[in-house]
Amino acid sequence: MRVVLAGSSGLIGSHLVPALRQQGHDVLRLVRREPQAPDERGWDPYGGRLDDRVLDGADAVINLCGAPIGGGLWTEQRRKELSRSRVTPTTVLAEAVRRNGVPALLNASATGFYGDTGRGVVTESAGPGNGFLAELCRRWETAAETASPSRVVLLRTGPVISPSGGLLGPLKPLFSLMLGGKIGDGTQYVPWISLDDETAAIRFVLENPRISGPVNLTAPEPVSNAEFTRAFAEALGRPAPWVVPAFLLRTALGDLAREMILSGQRAVPAVLEEHGFVFRHPRVRAALGAAVSA
C-alpha cells in the first residue's frame with residue numbers, strides 16, 4: 001500500500017515508518033520544513049497548504065500530529081497550542097483525503113476521550129467524558145470524520161510503554177533512584193500499551209478495511225496506578241515505597257494533574273480483539289520487563 005504519514009518524527013511515528021516498510025508498504029512522510037530526503041514531502045498545515053499531488057495513488061493517510069499533552073502546565077495559551085496542533089492538521093488532511101478520494105484516514109486520538117471512568121470497563125461504544133482532554137479529543141475526532149465517505153479510523157491510544165520516552169520517560173529516573181511510588185490512592189487506571197503493540201495495531205487496522213470508527217489502542221489488561229507502580233519497581237529491581245499526595249499534584253499542576261495523573265480509563269481493545277489482533281505484550285509485567293531490558 002502507498003501510505004502518506006504526518007507526524008513521523010514522534011515516538012510512535014518514528015517506529016511506525018520502518019515497521020510499515022518492513023511489511024512492504026511504500027511510505028511518504030509529510031514534513032513542515034524543506035524536504036531533505038526522497039521520501040519526504042513538504043506541507044504547511046497552519047497555512048492550509050498540501051499539494052494534492054502528494055496524495056496521487058495513496059491508499060491511506062495516517063495522521064499522528066499533536067504537541068505533547070504533558071509538555072507543560074495547561075495555561076490558556078498551552079491549551080490553545082494543544083488544540084491547534086491537533087485540530088488544524090487533521091482538518092487539512094481530512095479535507096484533502098475527501099477531495100482526492102483517498103480510501104482511508106487513520107487519525108490519532110487518545111483514551112482521554114472517555115474522561116475519568118473510574119473502575120468501570122470502557123469499550124469503543126462509550127461516549128465522551130468531561131474535562132479538557134475529553135473535549136479536545138472530541139474536537140480532534142470530529143475534524144477527522146469530515147474525511148467521510150473515506151474510511152475513517154480514530155486511534156484512541158493509551159499511555160505507551162517504550163524503552164525511551166512515552167510513559168516511562170519521566171518515571172524511569174525517579175524509580176531508578178528509589179524515589180518512585182504510587183500516586184494518590186493508586187486506584188486510577190492506566191490504559192497502557194507497549195510500543196511494539198501500538199505500531200503493530202496501527203498496521204493491523206491499516207490492512208483491515210473492515211475496521212472503521214474508534215479503536216482503543218490499549219492492552220487487554222489495564223492496571224491501576226498501584227499495580228503499575230509495583231510492576232515497574234519489580235522490573236527495575238528497585239523499591240517504590242513512596243506515596244505522592246494527590247493534593248500536592250493538584251496544587252502544583254492543576255487540571256493537568258486532575259485529568260492525566262489522578263484519573264484514568266479502564267479502556268479495553270474490544271475492536272482489535274473482535275477482529276483477531278494478537279498482542280505481543282498483553283500483560284504489563286512482560287511489557288515493562290521488555291522495555292527495561294531493551
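A quick note: this is a predicted structure, and the numbers were derived from the prediction, not measured.
With Thr157 contributing its side chain and Leu217 its backbone, the two residues share no donor-acceptor pair below 3.5 Å. With hydrogens and angles ignored, the 3.5 Å screen pairs a side-chain donor or acceptor of Thr199 with a backbone N or O of Leu195. Looking only at distances, no side-chain donor or acceptor of Glu273 sits under 3.5 Å from a matching main-chain atom of Ala270. Of the possible polar contacts, none joining the Arg266 side chain to the Pro222 backbone as a donor-acceptor pair under 3.5 Å is found. Formation of a donor-acceptor pair under 3.5 Å by the Asn225 side chain with backbone atoms of Thr187 is not found in this model. Within the 3.5 Å criterion, the main-chain N or O of Thr218 finds no donor-acceptor partner in the side chain of Asn216. Formation of a donor-acceptor pair under 3.5 Å by the Asp116 side chain with backbone atoms of Gly118 is found in this model. Between the side chain of His25 and the backbone N or O of Leu20 there is no donor-acceptor pair closer than 3.5 Å.
In this structure, the side chains of Asp44 and Leu50 stay at 4.5 Å or more apart for every pair of heavy atoms. For the pair Pro159 and Pro191, the minimum side-chain heavy-atom distance is below 4.5 Å. Within the 4.5 Å cutoff, the side chain of Val97 has no heavy atoms near those of the Val152 side chain. Here the side chains of Gln188 and Asp185 are in contact, with some heavy-atom distance below 4.5 Å. With a 4.5 Å cut-off on side-chain heavy atoms, Arg151 and Leu105 do not count as touching. Between Leu206 and Asp59, the closest side-chain pair of non-hydrogen atoms is not below 4.5 Å. Side-chain contact check for Ile202 versus Leu155: some heavy-atom pair is nearer than 4.5 Å. Within the 4.5 Å cutoff, the side chain of Glu40 has heavy atoms near those of the Arg33 side chain.
Applying the ring pair (Phe, Tyr, Trp, His ring centres under 6.0 Å) test to every pair with at least one member in residues 159-209, sequence neighbours left out, gives these pairs: Phe175-Phe232, Phe204-Phe277. Within the structure, salt bridge (charged side-chain N to carboxylate O under 4.0 Å, His left out) contacts touching residues 189-202 (residues at least two apart or in different chains) are Asp196-Arg280. Listed by first then second residue, pairs satisfying ring pair (Phe, Tyr, Trp, His ring centres under 6.0 Å) with a partner in residues 244-264 number zero, not counting sequence neighbours. Applying the side chain to side chain donor-acceptor pair (under 3.5 Å) test to pairs two or more places apart or on separate chains, those with a residue in residues 120-130 are Thr123-Ser125.
Salt-bridge annotation for Arg79 and Asp255: present, with a side-chain N of the basic residue lying under 4.0 Å from a carboxylate O of the acidic one. Salt bridge present: Glu81 and Arg78 bring a charged side-chain N and a carboxylate O closer than 4.0 Å. A salt bridge links Asp26 to Arg2: one of the charged nitrogens lies within less than 4.0 Å of a carboxylate oxygen. Between Arg98 and Glu95, none of the side-chain N atoms (NZ, or NE/NH1/NH2) sits under 4.0 Å from a carboxylate O, so this pair counts as no salt bridge. Between Arg99 and Asp52 there is a salt bridge, since a side-chain N of the basic residue sits under 4.0 Å from a carboxylate O of the acidic one.
Criterion: ILVMFWY side-chain heavy atoms under 4.5 Å apart, direct or through other members. Under it, Leu82 and Leu73 are part of a common hydrophobic cluster. Val190 and Leu272 are assigned to two separate hydrophobic clusters, defined by single-linkage of ILVMFWY side chains at heavy-atom distances under 4.5 Å. In the hydrophobic clustering of ILVMFWY residues, with side-chain heavy atoms under 4.5 Å counting as a link, Ile62 and Val4 come out apart. The hydrophobic cluster containing Leu262 does not contain Phe228, counting ILVMFWY residues as joined when their side-chain heavy atoms lie under 4.5 angstrom apart, directly or transitively.
A pairwise comparison of heavy atoms in Leu256 and Gly72 identifies CD1-O, 3.2 Å as the closest pair.
Qualifying salt bridge (Lys or Arg N to Asp or Glu O under 4.0 Å) partners for Arg119, counting only residues two or more places apart in sequence or in other chains: none. Partners of Arg283 under the salt bridge (Lys or Arg N to Asp or Glu O under 4.0 Å) rule, at least two apart in sequence or in another chain, are Glu221. Legend: residues meeting salt bridge (Lys or Arg N to Asp or Glu O under 4.0 Å) with Arg156, ordered by chain and number and at least two apart, are Glu141. Judged as a salt bridge (Lys or Arg N to Asp or Glu O under 4.0 Å), and not counting sequence neighbours, the contacts of Arg203 are Glu207. For Phe132, the ring pair (Phe, Tyr, Trp, His ring centres under 6.0 Å) criterion is met by Trp74, not counting sequence neighbours. Qualifying side-chain contact (heavy atoms from CB on, under 4.5 Å) partners for Val17, counting only residues two or more places apart in sequence or in other chains: Leu5, Ser8, Arg21, Val27, Arg29.
Thr111 and Gln265 form a side-chain donor-acceptor contact under 3.5 Å, judged by distance and modelled atom types alone. Side-chain atoms of Ser148 and Glu145 include no donor-acceptor pair closer than 3.5 Å.
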Just list the side-chain donor-acceptor pairs under 3.5 Å for residues 233-242, sequence neighbours left out, or say none.
from, atom 1, to, atom 2, distance (Å)
Glu234, OE2, Arg285, NE, 3.3
Arg238, NE, Ser176, O, 3.0
Trp242, NE1, Met178, O, 2.9

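Cluster partners of Tyr114, using a side-chain heavy-atom cutoff of under 4.5 Å among ILVMFWY residues and allowing indirect links, are Phe113, Val122.
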